[in-house]
Amino acid sequence: MRVLVLNAGSSSLKFNLFEMADESLILEGLVERIGVDGRLAWSVGAESGVQEVQLPDHAAALAAMIELLEARLGSGARIHAVGHRVVHGGPKYGESTLITPEVLADIEAYALYAPLHNPNNALGIRVAKAALPDVPHIAVFDTAFHHTMPEHARTYGIPYELSMKYGIRRYGFHGSSHAYVAARTAILVARPLRSLKLITCHIGNGTSVCAVRYGHSMDTSMGMTPLQGVIMGTRCGTLDPSIVDLLIDKEHLDYQAITELLNKKSGLLGISGVSSDFREIEAAADAGIPRAILARDILTYDVRKFIGSYVSVMDGVDAITFTAGIGTHSSRLRAEVCRHLTYLGVKLDETSNRDGQGERLISAADSRIAVAVVPTHEELMIARETVR
Ligand code: AMP
């Protein structure tokens, strides 16, 4: 069975084609600059290419992708199912689901909670269904894994009737990633997932930390939208809501401007004034630039704070796992976070942390709590969900 995984953004379309018999990646690529000019980058094994193409809209992007699949793979380009990454599944979807017209309407309606993501995901589904009408299309939601959060963890402190009326609650995101790395961590520590208390730290351009108890999400740092929690590349993370009032008032910002400010101009970028990219933040911090040092320290501090709170939420922890761009690659961030967890009995294997590659344990043999690095694989999780 060959499964195509699609992730549609406002001006881009990421695609991965898997052969599910052995879960191998046949082809991956990115169509970008949709509506601007157009660029198609792809790779198949060691081969890769880049093409400039005119892409006025998402339908043209999808057509270019299908043409590429046929040109590179011939009859092997036949797709049996499409898995769509959908950011928000709202209150209704605690599982991946076959996309019917009703499901698509719900995804569009949940733009209420994910205005920057769901409309693009829905657009991707529409054009993919039009281009590939004879195969099942499945929505895999970033929020679904967190549906097991207990009510006391997901309810905000506003009048209860308003929460019920509008579905205002903590939903959480990066669900495919947290689920994947939790399952891999269980394999690394050679214990059943259902017996483990895990804290998974997805630290990338977007960041969320998750308390995974006995295989289920108990709590996570993101909220109704992906804006809450740890500071991120350009997102502010948790704020006192009154700050929004003050900025609207003093800076004369309208709704759109404040949304833009909190989503695109805040976080590591807004604090450092250097970049949203953590590599550049680390380099600037090493060069002694005070605001870059501050941005780096806040990220580390926020991650520690969530780890500490999730230890208490789960009455303990067996393993802590790092994933995503920063979590997988910054040995210094991991060391700095773990340096403050010695009271839990965390002891790093400095060599494995610094010099090791890929999926591995980075804790010392006598560490009371296991610490792991697991490169995430959200696309594979979406493909697996599609098959399931
Ligand atoms: P992601 O959103 O998971 O792709 O992660 C992107 C983030 O990972 C960016 O902030 C990158 O700077 C960061 N990143 C990628 N590689 C490294 C690295 N070798 N060291 C530190 N940060 C990295």
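Ligands are counted one by one from 1 in listed order, and the atoms in each one are counted from 1 as well.
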Where is the nearest protein heavy atom to [atom]: which residue, which atom, and how far?
| atom | result |
| --- | --- |
| atom 6 (C) of ligand 1 | N205 N, 3.7 Å |
| atom 7 (C) of ligand 1 | I326 CG1, 3.8 Å |
| atom 18 (C) of ligand 1 | H329 CB, 3.3 Å |
| atom 9 (C) of ligand 1 | F278 N, 3.9 Å |
| atom 12 (O) of ligand 1 | D277 OD1, 2.5 Å |

Anything under 30° is parallel, anything over 60° is perpendicular, the rest tilted; go ahead and classify H88 against Y110. tilted
Decide yes or no for V313 and M218: does some side-chain heavy atom of the first lie under 4.5 Å from some side-chain heavy atom of the second? yes
Test item: I79 and L132 side chains (from C-beta on) under 4.5 Å apart, heavy atoms: yes
List ligand 1 atoms under 4.0 Å from A324, heavy atoms only on the residue side.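 Those of ligand 1 that fall under 4.0 Å from A324 are 3 (O).
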Ligand 1 atoms nearer than 4.0 angstrom to some heavy atom of G325 are 1 (P), 3 (O), 5 (O), 8 (O), 13 (C), 14 (N), 15 (C), 23 (C)
Do any nitrogen or oxygen atoms of [X] come within less than 3.5 Å of a nitrogen or oxygen of ligand 1?
| X | answer |
| --- | --- |
| S330 | no |
| H202 | no |
| G204 | no |

Passing candidate, side-chain contact (heavy atoms from CB on, under 4.5 Å) with I125, options N120, I107, I138: I107
Let me see the working for H146 and Y171 under ring pair (Phe, Tyr, Trp, His ring centres under 6.0 Å), right down to the final yes or no. CA-CA 6 Å; H146 304 294; Y171 287 98; over 10 Å; no
Is it true that K129 and D134 have a side-chain N and a carboxylate O under 4.0 angstrom from each other?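 Looking at D134 together with K129, the answer is no, because their closest N to O distance does not fall below 4.0 Å.
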Residues E385, R85: salt bridge by 4.0 Å N-O rule: no
For atom 22 (N) of ligand 1, state which one of E280, E282, M232, R279 supplies the nearest heavy atom. R279
Given the protein's heavy atoms, is any one of them under 4.0 Å from atom 3 (O) of ligand 1? yes
Have a look at R384 and tell me which of E378, E379, E23 forms a salt bridge (charged side-chain N to carboxylate O under 4.0 Å, His left out) with it.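 Result: among E378, E379, E23, E23 is the only option passing the salt bridge (charged side-chain N to carboxylate O under 4.0 Å, His left out) with R384.
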